[in-house]
Protein chains: 2
Amino acid sequence: MPYGYLGSMRTRPGCRDDVVAILLSGVEGLREAGCELYVVGVSDQDDVTIWVTEVWRSKEHHEASLRLPETRAAIGRAMPMLTGEFTSQELTVVGGLGL
Amino acid sequence: MPYGYLGSMRTRPGCRDDVVAILLSGVEGLREAGCELYVVGVSDQDDVTIWVTEVWRSKEHHEASLRLPETRAAIGRAMPMLTGEFTSQELTVVGGLGL
């Protein structure tokens with residue numbers, strides 16, 4: 001069954017939109033890396049947190065994607081704008097709509 | 001922009017799979033109610049928690065879906081198997097892949 005990853009990250013004040021732009025900039029390349037779904041969301045009540053829901057063909061596809069040069073470059077650009085506060089939850093995706 | 005909802009719920013011991021089946025049973029009807037994405041996930045490390053990621057055309061579509069007879073019936077079937085511990089986060093979906 002597909003591998004799911006729910007993550008959140010906090011940005012430094014004023015940096016949320018720049019980090020969102022980085023997260024979305026590489027989205028087309030994710031598909032060929034085995035990503036089936038990548039949803040980036042923000043909240044009106046909080047201007048420094050970004051939530052990401054990801055579904056991958058497998059955990060191995062997700063891990064391999066983190067080693068891609070373009071992923072590493074994007075992480076490098078985003079890191080100075082992040083506080084280091086992350087949450088994450090790995091999932092086994094058991095079904096749904098739109099997958 | 002689309003409305004996102006990240007939720008989790010805890011089930012009574014041994015009830016997780018039955019609640020997952022209820023959540024997935026109505027999935028085809030969600031599309032016509034304005035749901036674009038509905039992902040149900042579980043974790044190997046925790047046998048009583050279920051995570052749901054939803055994307056709807058709007059917050060109003062999501063709220064209207066909760067008043068549908070079939071949704072209310074499904075909630076009624078699931079409630080006795082839940083502990084009452086929920087988390088939720090509303091989002092504005094700003095982009096991604098697979099939407």
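What's counted below: heavy atoms across the whole structure, side chains too, no hydrogens, waters or symmetry copies. In the text below, chain A, chain B and the rest are named by the order of the sequence lines, each starting its count at 1.
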Considering heavy atoms only, which positions within [range] lie below 4.5 Å of chain A?
range                     : result
residues 47-78 of chain B : Trp51(B), Thr53(B), Val55(B)
residues 5-25 of chain B  : Leu6(B), Val20(B), Leu24(B)
residues 32-44 of chain B : Cys35(B), Glu36(B), Leu37(B), Tyr38(B), Val39(B), Val40(B), Gly41(B), Val42(B), Ser43(B), Asp44(B)
residues 82-99 of chain B : Gln89(B), Glu90(B), Leu91(B), Thr92(B), Val93(B), Val94(B), Gly95(B), Gly96(B), Leu97(B), Gly98(B), Leu99(B)

